[in-house]
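Chain identifiers are assigned alphabetically (A, B, ...) following the order of the sequence lines, protein sequences preceding nucleic acid strands; residue numbering begins at 1 within each chain. Just so we're clear, the structure is a prediction, and the values are computed from it rather than from any experiment.
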2 protein chains.
Amino acid sequence: MAAPRANMSYRDIKQVVLDRIHNKIWAPDSLLPSETDLAEEFSSTRTTVNRALRELAEEGYLERKRKAGTRVLNSPVRKAQFAIPLVRDEITENGSEYRYALVERTVLPAPAWLCARMDIPQGLDVLHLRCMHYAGSAPFQYEVRWIVPDSVPDVLEADFSCSGPNDWLVQKVPFTNLELSFLATKADQSVAEFLGAQAGDPIFTAERITWLRGQPVTLAKLFFAPGYRMTANL
Amino acid sequence: MAAPRANMSYRDIKQVVLDRIHNKIWAPDSLLPSETDLAEEFSSTRTTVNRALRELAEEGYLERKRKAGTRVLNSPVRKAQFAIPLVRDEITENGSEYRYALVERTVLPAPAWLCARMDIPQGLDVLHLRCMHYAGSAPFQYEVRWIVPDSVPDVLEADFSCSGPNDWLVQKVPFTNLELSFLATKADQSVAEFLGAQAGDPIFTAERITWLRGQPVTLAKLFFAPGYRMTANL
DNA sequence: AAGCCCCTTATGTCTATATATATAGGCATT
DNA sequence: AATGCCTATATATATAGACATAAGGGGCTT
């Protein structure tokens, strides 16, 4: 077994612990030695061991409870982290040129489904935008957005003809809560045309609602061009 | 402004820093004071401030670089954490009864696309499974799975008629790396029938590849019943 | 102007130690 | 058997001080 040398960093300790879990030296559901004991074994300190175990717990390998001790979870890694970049970044980091176009801008009373979804009063005027994001000349994402002007000062005066609402909102309005969903939708005629797809094609779709201290701010439906994948590694 | 009292915990400090970012006291792209200075302001220690800032950086609010200092990110690249539970848990936690059925089990030479995708030698025999997961009487998920027997001892003797390969693999084979993708696919005749959908319907699909120390272990395609959403809150 | 070296500085990490807090499990009481 | 209290213990967090390491920037050289 990996003989614990002296001067192990918290990273080393993490690795050793992970190895032992993988090799079932510490089986699922079993209890690890206490931090104090591990610190002694690794000739390290409790602080360092603590950091290692804390991070492994955050990563979903361990479960820790005061007094109860540290336990190996039986089904590890139940969390996948997806970075959710701005479209702009996603495109430019891919080496393509980012291009944006405003398709439509209207102010209208919120439709009933939107009121229900975002919990806003019936008939409130909202800003509705449709826009396209291109990677080079290829369509990348079709964005349908609703913004509650009451929560966003000056949004009705903002100019969205040259840059997208996302860029603007990120600059001007912080948010405190976010709900993000992924789903598959069927391209209707309009979406299909914008994305260069066939009507009826499956479209990977993200739906994003943000709030600022309980106030609903904006809902965005993001339709990705055919072939899009959202990938995470861990 | 919130007058920094003494004895602030790293949580308190995180909150104060977050507030200042939201209130643009520390604007996007601007540099924060050094840990040493903040420690003094909060009458705390550098260690405590360090933990607060480190966690905020992990959460995507700050960017930290040695010598360069700590900077407010202009677009908080918030990371969405998705729980990826075992199907079984996802269904039972929803209050439904979990039911499983094996549809097909074969051993065959790996098709070319699989060899390419998983980086395994041409013509290697692999175990191929198709199974269904039901929530009560409703179809929930159709699973198409490929397992590399070379990496998984005894898998050819395992009985998958009563419980799914996922349950079995979790128990027997740890993994060190995982790639998880979400995408939208079009239901073919077979998938549609299993999921109670129409051929051509958009299907939310997850693709999952796992490795054990560089060795490819298994690839699973998970087709979810129509209407499925993967949701994260933060 | 471009390249190189060195110094300074901010973060990264470790050690050693102390206090706080939740709680499992035992013991006593109802 | 159920309830309530106590205590030992494992984790959670804070403090103080040290050394490690990356990297920005100035100044020198070519």
Identify which nucleotide among C:dT11, C:dA10, D:dA8 has an atom closest to any side-chain atom of B:K67, counting heavy atoms from C-beta outward.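 The listed nucleotide nearest to B:K67's side chain is C:dA10.
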
Among D:dG24, D:dT11, C:dA24, the one nearest A:S34 by side-chain distance: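 Selected nucleotide (nearest to the side chain): D:dT11.
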
Where along nucleotides 14-20 of chain D does protein come under 4.0 Å, by heavy atom, of base (B) or sugar-phosphate alone (S), with - for untouched nucleotides? SBBBB--

Atom [atom1] of [X] to atom [atom2] of [N]: distance rounded to whole Å?
X	N	atom1	atom2	answer
B:L32	C:dT9	CG	C1'	16 Å
B:R71	D:dA23	CZ	P	14 Å
A:I13	C:dT15	CD1	C1'	12 Å
A:R54	D:dT11	CZ	P	13 Å
A:D37	D:dT9	CG	P	12 Å
A:L31	D:dA10	CG	P	9 Å
B:E63	C:dA10	CD	C1'	14 Å
A:N50	C:dT17	CG	P	17 Å

Is the gap between the ring centers of A:F140 and A:H133 under 6.0 Å?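 No, the ring of A:F140 stays outside the 6.0 Å limit from the ring of A:H133, centre to centre.
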
Do A:F182 and A:F204 have their ring centres less than 6.0 Å from each other?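 Between A:F204 and A:F182, which both carry aromatic rings, the centre distance is below 6.0 Å.
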
Relative orientation of the end axes in the helix from C:dA1-D:dT30 to C:dT30-D:dA1, expressed as an angle to the nearest 10° (five pairs per end):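 Taking the rotation axis at each end, their angle is 30°.
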
Between [X] and [Y], is any side-chain donor less than 3.5 angstrom from a side-chain acceptor?
X	Y	answer
B:N94	B:E90	no
B:T36	B:R46	no
B:T205	B:T185	yes
B:R51	B:Y10	yes

Please figure out whether A:K65 or B:P33 has its closest DNA chain C nucleotide nearer the 5' end.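 Mapping each residue to its closest nucleotide by heavy atoms, the 5'-most match is B:P33.
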
If the condition is ring-ring contact (aromatic ring centres under 6.0 Å, His included), which residues does B:W168 pass it with, not counting sequence neighbours?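 Result, ring-ring contact (aromatic ring centres under 6.0 Å, His included) vs B:W168: B:F160.
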
Taking the side chain from B:D159 and the backbone from B:S161, do they hold a donor-acceptor pair closer than 3.5 Å?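 Yes; at least one donor-acceptor contact below 3.5 Å.
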
How close do B:A135 and B:S96 get, counting heavy atoms only, and between which atoms?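 So the two residues come closest at CB-CB, 3.9 Å.
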
